[in-house]
Visitor: 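My questions will all concern the structure given below.
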Amino acid sequence: MKEAIALLKEHDLLRIIDDELDIYLEIPHIAYIEVKKEDSRALLFTNVIDRKNNKKFNEPVLMNVFCNEKAVQLFIGDGDKIGAEIESLLKMKPPKTLGDKFALFGKLFSLKNTIPKISKAKAACQEEIYLGKDAKLSDLPVLTTWEQDGGPFITMGQVYTTSLNGEMKNLGMYRLQVYDDHTLGMHWQIHKDSNHFFHEYKEAGKKMPVSIGIGGDPMYIWCGQAPLPIGVFELMLYGFIKNKNAKLVKSVTNDIAIPVDNDYVIEGFVDPSKMRIEGPFGDHTGYYTLEEEYPFMEVTAITKKKDAVFLATVVGKPPLEDKYMGHATERIFLPLLKTTCPDLIDYYMPENGVFHNLIIAKIKTLYPGHAQQMMHAFWGVGQMSFVKHAIFVNQDAPELTSHEDLTRYILNRIDIEEILITRGVVDALDHSSPRFALGGKLGLDCTGAEVKELGIKILSDDELLKKLQNISSQIKDLKQYFTDTKNPLTIITVDKQRSQKELFEEIKEISAHVKILIIVDEKNQNDLNNEYMLLWRVVNNIDSNRDIFFHENTICIDATNKNSMDNFKRRWPDDVDCRQEVLDSLQKRGIININDEFKKKWHL
Ligand SMILES: Cc1cc2nc3c(=O)[nH]c(=O)nc-3n(C[C@H](O)[C@H](O)[C@H](O)COP(=O)(O)O)c2cc1C
């Protein structure tokens with residue numbers, strides 16, 4: 001971490017804050033705001049307190065280490081270049097010439113670095129060792145990010161586990177709830193690798209060893225979130241990208257090996273026969289994830305560097321640090337995805353689609369149904385299977401990040417007859433699916449020619465709103481987008497009093513003027529001029545089997561919050577929001593400086 005801090009400083013990517021600040025809400029709120037700024041920087045908090053327990057920490061807290069693309073370049077490298085290198089290895093052919101042989105030798109030699117090395121020497125991460133009762137989680141400056149969080153959470157923990165027979169190793173990044181000094185929640189979701197290992201221990205009736213690293217090379221964190229298949233140890237990817245083996249040391253109280261340069265290591269065992277309520281926690285979807293049962297670790301040791309730095313992140317409404325980490329992941333994993341979908345040219349997961357809610361893929365279309373074939377491949381491959389909404393475009397489409405041009409291209413090609421709605425696994429964090437982790441999938445094949453003109457009569461926003469309000473006073477506001485395309489978007493806000501299917505039935509005569517109608521609640525800061533946050537809301541809130549209805553040539557998308565009126569049986573979570581008094585106090589003390597426009601833009 002000390003090296004990371006020096007590197008950030010050298011590149012003018014660090015802001016040091018010496019004011020006395022609380023681990024409860026204050027520090028996370030500052031980091032949340034910082035990473036939404038155009039020129040966001042990493043933050044080093046040097047004067048950290050736990051006001052509630054009247055405690056002062058000696059160690060500083062570092063946040064937003066991946067504060068922008070430049071920081072990602074510093075700590076990970078160029079995602080496109082790394083992707084290209086992986087692609088060249090995947091396409092490796094037997095060498096023909098001497099030059100080929102040398103090139104191949106170089107590539108294979110670099111692969112040698114992928115195997116982590118276990119060191120027997122005294123490791124920096126074990127300079128201080130606390131065992132048993134002396135290993136106290138309250139000695140770490142663990143942050144409470146949001147008001148409704150179930151407690152403090154470690155947010156950048158590298159979770160190291162092994163399969164029961166010790167043959168497979170895993171590094172996963174999962175949030176970890178601090179219950180008390182010696183008990184830590186393990187939020188590995190049902191689809192994740194450590195959860196597979198957990199089931200092996202459960203069946204065998206054995207305790208599962210777990211070690212958690214915090215800090216060290218920031219690259220460990222990126223590796224922890226990388227969606228590698230089970231059985232591929234993420235630190236091999238570390239070795240490949242860094243071109244040097246990860247150096248590990250055995251934990252003090254279990255057999256798990258952890259990187260020598262971690263700032264902290266928390267060791268312990270999970271008893272698979274015991275579970276505990278975990279959460280709620282304000283997550284990267286921008287919503288709280290509700291309480292669920294998860295395993296927990298009984299801490300046996302905490303080891304640390306003498307001058308440790310505590311690394312943390314904040315998750316909530318986008319954009320946040322995971323935008324930058326996610327972008328690198330997207331680039332680096334493109335060649336691996338191409339092994340399943342060879343005609344895939346590129347893909348893009350905009351961060352306001354919180355990754356699993358929206359993917360746009362560009363393909364070389366060779367036959368009818370090619371896009372659908374790839375949709376099913378995506379929905380069947382590893383963590384890509386969590387994607388709720390997939391839009392496929394042909395190779396002649398604009399750049400995937402040219403938002404306006406691409407949207408226009410897509411809207412000109414949406415054919416109501418070709419919309420694919422199916423069902424499958426969804427991210428465990430998805431709050432809108434009717435059942436936990438199982439819900440609707442929407443696939444739009446926009447690889448074909450433009451659809452034919454459908455002859456609707458475009459009215460002005462005012463005229464259309466008046467027309468609708470004459471039918472239902474529950475409609476409050478309206479805005480149309482892309483009226484120059486074959487499928488203009490009409491977005492309305494409503495004061496929801498009933499199922500929106502009923503409302504749509506009542507207003508279906510608007511088919512003469514509307515092609516795609518999107519409904520959002522009037523409340524919850526929804527602003528019809530804020531496209532970024534509207535997209536975030538809509539793809540988060542819909543389950544395509546329940547919330548998309550059709551009438552003649554009109555598509556209606558109900559993106560309101562769901563409740564019993566919609567026969568929704570789960571609890572609908574609240575949006576993640578900053579506490580106003582905390583923002584006011586930080587502003588008064590000159591630690592943050594935000595105006596109403598900024599607050600409105602990011603739904604603060
Ligand atoms: C900031 C951040 C927090 C995350 N928190 C969790 C979490 O609490 N639980 C989880 O299962 N995945 C979480 N993830 C996603 C996992 O890190 C990711 O799916 C990873 O590939 C899991 O590794 P595994 O496949 O080895 O289990 C998080 C990712 C990020 C970037």
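For ligands, and for the atoms within them, numbers begin at 1 and follow the listed sequence. We number each residue from 1, following the sequence as shown. What you are looking at is a predicted structure, and each value in this text was computed from that prediction instead of being measured.
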Visitor: How far is atom 9 (N) of ligand 1 from the closest protein heavy atom, and which atom is that?
Guide: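 Looking at atom 9 (N) of ligand 1, the protein heavy atom closest to it is His187 O, 2.7 Å.
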
Visitor: Before signing off on this row, confirm whether Thr155 and ligand 1 have an N or O atom pair separated by under 3.5 Å.
Guide: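 In fact, backbone or side chain, Thr155 has no N or O that close.
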
Visitor: Hey, does Asn170 come in under 3.5 Å of ligand 1, counting only N/O atoms on both sides?
Guide: yes

Visitor: At a 4.0 Å threshold, what atoms of ligand 1 neighbour a non-hydrogen atom of Pro227?
Guide: 21 (O)

Visitor: With Arg435, which residues qualify under side chain to side chain donor-acceptor pair (under 3.5 Å), at least two apart?
Guide: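 With neighbours one apart ignored, the set is empty.
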
Visitor: Considering both backbone and side-chain atoms of Met173, is one of its nitrogen or oxygen atoms within less than 3.5 Å of a nitrogen or oxygen in ligand 1?
Guide: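 Right, the criterion is met.
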
Visitor: If you apply the rule ring-ring contact (aromatic ring centres under 6.0 Å, His included), what do you find for Phe378 with Phe392, and how did you get there?
Guide: CA-CA 11 Å; Phe378 275 29; Phe392 277 67; 5.4 Å; yes

Visitor: Heavy atoms, side chains only, cut-off 4.5 Å: are Pro280 and Asp149 in contact?
Guide: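 The answer is no; the side chains never approach within 4.5 Å.
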
Visitor: Atoms of ligand 1 less than 4.0 Å from Leu171 heavy atoms?
Guide: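 Matching atoms, with element in brackets: 26 (O).
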
Visitor: Using heavy-atom distances only, which candidate in Lys192, His191, Met186, His356 approaches atom 12 (N) of ligand 1 most closely?
Guide: Lys192

Visitor: Per the side-chain contact (heavy atoms from CB on, under 4.5 Å) rule, which among Ile212, Thr300, Ile256, Val210 passes with Ser251?
Guide: Ile256

Visitor: Give the atom numbers and elements of ligand 1 that come within less than 4.0 Å of a heavy atom of Asp193.
Guide: 24 (P), 25 (O), 26 (O), 27 (O)

Visitor: With a 4.5 Å limit on heavy-atom distance, are the side chains of Ser432 and Trp572 in contact?
Guide: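 Of all side-chain heavy-atom pairs linking Trp572 with Ser432, at least one is under 4.5 Å.
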
Visitor: Please state whether Met156 comes within less than 4.0 angstrom of ligand 1, counting heavy atoms only.
Guide: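 In this structure, Met156 fails to qualify as a contact of ligand 1 - no heavy atom is under 4.0 Å.
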
Visitor: Which option wins on minimum heavy-atom distance to atom 20 (C) of ligand 1: Gly157, Gly382, Gly224, Cys223?
Guide: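 Checking each option, the heavy atom nearest atom 20 (C) of ligand 1 is found in Gly224.
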
Visitor: Assess whether side-chain contact (heavy atoms from CB on, under 4.5 Å) is satisfied between Lys242 and Asp217, documenting all intermediate values.
Guide: CA-CA 11 Å; Lys242 299 280 271 196; Asp217 188 335; 2.9 Å; yes

Visitor: Side chain, backbone, both or neither: which part of Gln383 comes within less than 4.0 Å of ligand 1 when only heavy atoms are counted?
Guide: side chain

Visitor: How would you list, by chain and number, every residue that makes a salt bridge (charged side-chain N to carboxylate O under 4.0 Å, His left out) with Asp193, sequence neighbours excluded?
Guide: none

Visitor: Among protein heavy atoms, which lies nearest atom 27 (O) of ligand 1, and at what distance?
Guide: Tyr174 OH, 2.6 Å

Visitor: Stepwise, does the side chain to side chain donor-acceptor pair (under 3.5 Å) test hold for Glu69 with His327?
Guide: CA-CA 9 Å; Glu69 298 290 354; His327 185 228; 3.2 Å; yes

Visitor: So Val426 and Phe386, do their side chains get closer than 4.5 Å, heavy atoms only?
Guide: no

Visitor: Has ligand 1 got any nitrogen or oxygen that is less than 3.5 angstrom from a nitrogen or oxygen of Asp322?
Guide: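 Checking ligand 1 against Asp322, no N or O pair falls under 3.5 Å apart.
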
Visitor: Quick check: does Ala226 get an N/O under 3.5 Å from an N/O on ligand 1?
Guide: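 Yes, at least one N or O pair falls under 3.5 Å.
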
Visitor: Please identify which of these residues, Lys305, Lys304, Gln158, meets the side-chain hydrogen bond (donor to acceptor under 3.5 Å, both in side chains) condition with Asn262.
Guide: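 It is Gln158; the other options fail the test.
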
Visitor: Going by heavy-atom distance to atom 18 (C) of ligand 1, choose the closest among Lys169, Lys323, Gln225.
Guide: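 Checking each option, the heavy atom nearest atom 18 (C) of ligand 1 is found in Gln225.
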
Visitor: Out of all atoms in ligand 1, which are within 4.0 Å of some heavy atom of Glu234? Include the element for each.
Guide: 26 (O)

